[in-house]
There are 2 protein chains.
Amino acid sequence: MTAPKYKRLAPEDRAAELVEAGLKVLAKGGITAFTIDNLCKASGASRGLIGHHFGGKDGLLAACYAAAYAPLLQVIGTDTPLPLGALLDDLLSDRQFQRDGLNIWLALWGEIAVNPALRAEHLRQYDRYHRAIAAAIASHALAHGRQVDPSRLASGLIALIDGLWVEICIAPDRMDPPAARQLVEAFLAPHTGPLR
Amino acid sequence: MTAPKYKRLAPEDRAAELVEAGLKVLAKGGITAFTIDNLCKASGASRGLIGHHFGGKDGLLAACYAAAYAPLLQVIGTDTPLPLGALLDDLLSDRQFQRDGLNIWLALWGEIAVNPALRAEHLRQYDRYHRAIAAAIASHALAHGRQVDPSRLASGLIALIDGLWVEICIAPDRMDPPAARQLVEAFLAPHTGPLR
DNA sequence: TTTCTTGTTGAACACACATACAACAGTGCT
DNA sequence: AGCACTGTTGTATGTGTGTTCAACAAGAAA
């Protein structure tokens, strides 16, 4: 009767652990800290595992990217489309705006701009995101009798939210979620009608 | 009479060459490509020069950051404050929105979020930027008899512009400078009055 | 031409890094 | 208990990386 040297996990559990470690590493040290050694330290696993489960560092990075996008898509992923106000509440909630999450996005954006594989994946995900937001804007504007270009406004809204993320991330004492929410309303309300 | 083995430059000229090479490297490969070898290849200089002129890689990165910010500060750096419309024209001109420049920002943001020295420098520069834009918004709103919170609107405007940069950079077929300019107007005009 | 200053070079170093792989050991099955 | 499957380990390997530094040479000054 001796203590086991390690715990043997189902592949999906181990993969989830590694992805979580990857997100932690990205949040703390950015893309330059995303190394095998750091990932092993953060996950408690050994060097060989990343190659075994993801085929290499890049595979894990792609999985981390998908994991970072998951909460966004979950917000818009319901069958019955959310009303615009509720959608914004979710997108701008503290849960989404956590500092670590923002650092992860910053780290990934720099890589997406430069890594074709990651970029292709991003465009796919982004497309769903954009369409869901445009739909919410369209139906809101219709209900308030306004005429707008939903696609363009959606692009602007996404850009604004992204920019606010950056500000919160880089200068937290200058911007916070409530102020961000107010600015988003200031952007939308004049075109789509009041949001609540 | 034999050809010289290398050209000897004044320190400031060589430094400028290295910074230019650094920006090129950041634009092409992001922060992970910012290595001594790549920098030497891009600038044509030898390995020892970066240490000699900047004390190390980080020194050059800081200089690259300052160089990336320079055109922004130049726009707002005149003694007589620009009117809001002209300021936006400058900020959203093609010159500012060049793709390479956006990749550089993306690469730097990821590092600023994680590198304290770079971040301190950023906050200094950002503060001037923010104040100049808030001043332009305040005087424009005053002239049009609107009451606004210039500082908050400035934060929103900067966030929107940053977000639009990201979209142009990551998805150029979805966003371009003229559309960006229109969206910025859609954001500001309802609060500050018409921009032209 | 000779001398001096200093920008420049490139090899040498120690370390970080990603990957491959053979040996190992949990865990379920019989 | 014995077996087989496969998740796990950690070392080995080769390459990439940042910095240092002694020697070199371009260009100005005398």
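Chain letters run A, B, ... following the sequence lines, proteins first and then strands; every chain starts at 1. In this text the structure is predicted, and so the values were computed from the model without any measurement.
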*Rounded to the nearest angstrom, tell me the gap between atom CG in B/Leu39 and atom C1' in D/dT17.*
12 Å
*Within less than 4.0 Å of OP1 or OP2 of D/dT6, is there a side-chain N or O belonging to A/Arg8?*
no
*For atom CG of B/Leu9 and atom P of D/dA28, their distance in whole Å*: 12 Å
*asked:* What is the separation between atom NZ on B/Lys57 and atom P on D/dG18, rounded to the nearest whole Å?
replied: 4 Å
*Does any donor-acceptor pair link the side chain of B/Arg47 with the base of D/dG18 at a separation under 3.5 Å?*
yes
*Taking only residues two or more places apart in sequence, or in another chain, which ones meet A/Glu185 in a salt bridge (Lys or Arg N to Asp or Glu O under 4.0 Å)?*
A/Arg181, A/Arg196
_Between P on D/dT6 and CG on A/Asp13, what's the gap in Å once rounded to a whole number?_
17 Å
*Taking the side chain of A/Lys5 as its heavy atoms from C-beta onward, which of C/dC17, C/dG26, D/dG7 lies nearest to it?*
C/dG26
*Name the nucleic acid region contacted by A/Gly51, choosing base, sugar-phosphate or nothing; use a 4.0 angstrom heavy-atom cut-off, strictly under.*
nothing
*Which whole-number value in Å describes the distance from B/Arg14 CZ to D/dG27 C1'?*
14 Å
*Do the ring planes of A/His122 and A/Tyr69 sit parallel (below 30°), tilted (30 to 60°) or perpendicular (above 60°)?*
tilted
*Can you check the A/Asp58 CG to C/dC17 P distance for me, whole Å?*
15 Å
*Starting from P on D/dT17, measure out to CG on B/Leu61 and report it in whole angstrom.*
16 Å
*Among C/dT27, D/dT19, C/dT9, the one nearest B/Leu49 by side-chain distance*: C/dT9
*Between B/Tyr6 (OH) and D/dG27 (C1'), how many Å, whole number?*
9 Å
*asked:* Counting the atoms with a prime plus P, OP1 and OP2 as sugar-phosphate, which does B/Ile50 contact under 4.0 Å by heavy atoms, base, sugar-phosphate, or nothing?
replied: nothing
*Check whether more than 12 heavy atoms from other residues, nucleotides or ligands sit under 6.0 Å from atom CD of A/Glu12, and answer yes or no.*
yes
*asked:* Using ring-ring contact (aromatic ring centres under 6.0 Å, His included), reason through A/Trp109 and A/Tyr65 one step at a time and then give a plain yes or no.
replied: CA-CA 10 Å; A/Trp109 276 342; A/Tyr65 170 75; over 10 Å; no
*asked:* When you measure from the side-chain N and O atoms of B/His52 to the phosphate of C/dG7, is any distance below 4.0 Å, counting only OP1 and OP2?
replied: yes
*asked:* Could you tell me if A/Glu167 and B/Tyr126 have a donor-acceptor pair between their side chains, going purely by distance under 3.5 Å?
replied: yes
